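To start, the structure itself, in structure tokens.
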Amino acid sequence: MNTQELWQRYQDWLYFNEDLGLYLDVSRIRFDDHLIKLLEPKFAQAFMDMAALEQGAIANPDENRMVGHYWLRNPELAPADLKNEIIDNLNKIEAFVEKVHKGAIHPPLAPKFTDVLSIGIGGSALGPQFVDEALATDFPPMSIHFIDNTDPAGIDHILNRLKERLKSTLVIITSKSGGTPETRNGMLEVKHAYEQQGLNFAAHAVAVTMLGSKMDELERIEGWLAEFPMFDWVGGRTSEMSSVGLLSASLLGINVRALLTGAKAMDIATRVPEIRQNPAALLALSWYCAGNGKGEKDMVVLPYKDSLLLFSRYLQQLVMESLGKEKDLDGNTVHQGIAVYGNKGSTDQHAFVQQLREGVANFFAIFIEVLKDRNDASIEVEPEATSGDFLSGFLQGTRQALYDNDRDSITLTITQVNPETVGALIALFERAVGFYASLVNINAYNQPGVEAGKKAAETLLSLQRKILAVLRSADQPLKLITLAEIAEAGDQIEHVYKIVRHLAANNRGVVLHGDLAKPDQLTVSYRL
């Protein structure tokens with residue numbers, strides 16, 4: 001297309017939401033009228049599928065549960081028995097946070113809580129981390145820290161930074177089942193740190209979990225400071241508008257009602273049953289076109305604003321866990337999914353844009369533009385040009401350079417980063433994921449691959465216990481193959497080797513004898 005034709009295509013396909021100050025430009029995705037006609041029946045079904053979800057249909061047959069994260073920002077749409085739960089929970093969060101900020105709720109050895117330590121993984125960490133980075137002020141009422149992995153060194157890093165401030169730290173432990181290993185491990189590590197300082201962990205601990213979970217039982221037995229509910233019908237990757245995200249955001253002084261208002265406004269916009277007038281449908285259409293409906297191209301998310309740096313990490317889980325499926329709804333093997341990665345502009349100019357422009361054309365880009373540069377006036381760093389002008393120029397230039405070399409892109413523009421626009425961004429991509437899943441006939445709300453990984457890890461930990469039992473009872477060093485056979489793992493000798501190597505490296509009583517470069521010649525013993 002020549003420049004005039006591109007300008008006309010831009011105007012024809014530009015979406016604008018006046019209430020949110022949000023623009024969506026899909027003109028640089030090369031779909032045509034033929035594809036639109038082909039997908040119209042699929043979109044008609046997608047609109048009906050989404051309406052059924054919001055009315056309480058069982059959307060996740062694997063777990064026999066509803067999917068209702070959109071009710072969190074509009075309780076009036078929720079089933080009657082859930083409406084008051086949603087409203088009451090938000091009021092409870094706000095009342096609790098107000099007391100914490102005023103010092104009415106405080107730790108035993110300090111007049112106020114000064115820090116928040118959030119322990120969770122996946123959706124219980126990524127959403128809160130993104131919203132904190134995007135919206136927390138320069139001087140929030142509390143500082144926040146995250147333990148989002150079961151890495152001992154990472155846990156030590158956080159605990160060492162807190163050190164004496166543990167006595168004024170509020171600990172939020174988030175786990176739907178209460179049995180998520182990574183979260184449980186983090187809780188036990190932190191509890192041990194409190195005990196080492198002679199502090200009462202329960203007087204600092206808050207649970208975010210489901211009623212009747214293991215954590216719910218533990219909280220009641222130990223008498224924790226508070227508990228907030230996780231709802232069965234809210235999945236981890238769509239939980240930011242629940243207690244999971246609202247509690248920590250409120251403690252940081254973020255206006256969570258504005259966050260919910262922005263998401264609600266976007267939900268309204270994405271219910272319009274017309275592709276051109278529905279921004280989530282436009283995204284789903286673009287993803288489908290770019291990847292030929294089979295995820296053949298990656299999604300590169302490039303926000304040109306420092307505060308939105310973590311958006312690509314947040315979207316990795318939302319998009320990849322939702323769309324990365326082996327089977328479709330009819331049981332056919334389809335291997336669907338869209339890989340997501342990203343950086344930020346203009347850092348990406350000096351990182352991977354070279355490959356995006358001239359390397360393998362296996363991606364499409366999503367540029368996120370923020371029109372407002374800063375709260376105050378900007379100086380000119382060159383005649384008639386500010387730092388923000390440079391940032392805008394880099395975005396436009398990169399977009400043009402990619403298109404000129406047959407690389408497609410989407411540009412999403414917001415006026416400024418605030419709670420309303422962040423809530424809208426979250427809701428927009430949640431709905432786009434749902435639409436795309438309907439177009440390719442998969443379940444966006446289950447995660448069988450994640451569960452398979454958890455089961456495999458449990459099996460290996462069980463094997464480790466067997467190995468230790470065998471070594472402790474042996475009266476002489478054992479060859480790896482002998483150890484594996486006695487532990488009833490003769491066909492898993494590589495797993496046996498990696499387990500004993502890890503135990504030996506951490507002084508867990510296991511000793512390796514022989515040439516470490518030749519694993520099959522090693523012998524293994526146990527010493528107290």
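This chain uses plain numbering: 1 for the first residue, then up along the sequence. The figures here come from the full heavy-atom set of this structure, side chains too, leaving out hydrogens, waters and symmetry mates. The shown structure was predicted, so the numbers you read here are calculated from the model rather than taken from an experiment.
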Would you say [Y] and [X] are linked by a side-chain donor-acceptor pair, where the criterion is simply a distance under 3.5 Å?
{"X": "N446", "Y": "K325", "result": "yes"}
{"X": "T183", "Y": "S175", "result": "no"}
{"X": "D330", "Y": "N441", "result": "yes"}
{"X": "Q129", "Y": "E133", "result": "no"}
{"X": "T398", "Y": "Q349", "result": "yes"}
{"X": "S312", "Y": "N343", "result": "no"}
{"X": "T261", "Y": "R73", "result": "no"}
{"X": "D348", "Y": "Y304", "result": "yes"}
{"X": "T150", "Y": "E182", "result": "no"}
{"X": "D49", "Y": "S438", "result": "yes"}

Check: [X] side chain, [Y] main-chain N or O, donor-acceptor pair, under 3.5 Å:
{"X": "R407", "Y": "L356", "answer": "yes"}
{"X": "T270", "Y": "A280", "answer": "no"}
{"X": "N160", "Y": "D156", "answer": "yes"}

- Face-on cation placement of R28 at Y403 ring, 6.0 Å and 45° thresholds: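 Here R28 passes the 6.0 Å and 45° test against Y403.
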Hey, are the side chains of [X] and [Y] touching, using non-hydrogen atoms and a 4.5 Å cut-off?
{"X": "F130", "Y": "V422", "answer": "yes"}
{"X": "V301", "Y": "V340", "answer": "yes"}
{"X": "I481", "Y": "I493", "answer": "yes"}

Aromatic contact, [X] with [Y] (centres under 6.0 Å):
{"X": "Y70", "Y": "W233", "answer": "no"}
{"X": "F363", "Y": "Y341", "answer": "no"}
{"X": "W71", "Y": "F231", "answer": "no"}

- Message: Among T413, L402, D25, V300, exactly one meets side chain to side chain contact (heavy atoms under 4.5 Å, CB included) together with F367. Which residue is that?
- Response: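 Going through the options one by one, the only one that passes is L402.
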- Task: Among Q336, K42, K294, find the one that has a side chain to side chain contact (heavy atoms under 4.5 Å, CB included) with V440.
- Result: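 Answer to the side chain to side chain contact (heavy atoms under 4.5 Å, CB included) test with V440 among Q336, K42, K294: Q336.
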In this structure, are over 12 heavy atoms from other groups packed under 6.0 Å from [X] atom [atom1]?
{"X": "R313", "atom1": "CZ", "answer": "no"}
{"X": "K327", "atom1": "NZ", "answer": "yes"}
{"X": "H335", "atom1": "NE2", "answer": "yes"}

- Query: ring-ring contact (aromatic ring centres under 6.0 Å, His included) between F311 and F429: does it pass, once the steps are laid out?
  - Reply: CA-CA 11 Å; F311 194 41; F429 280 85; 5.4 Å; yes
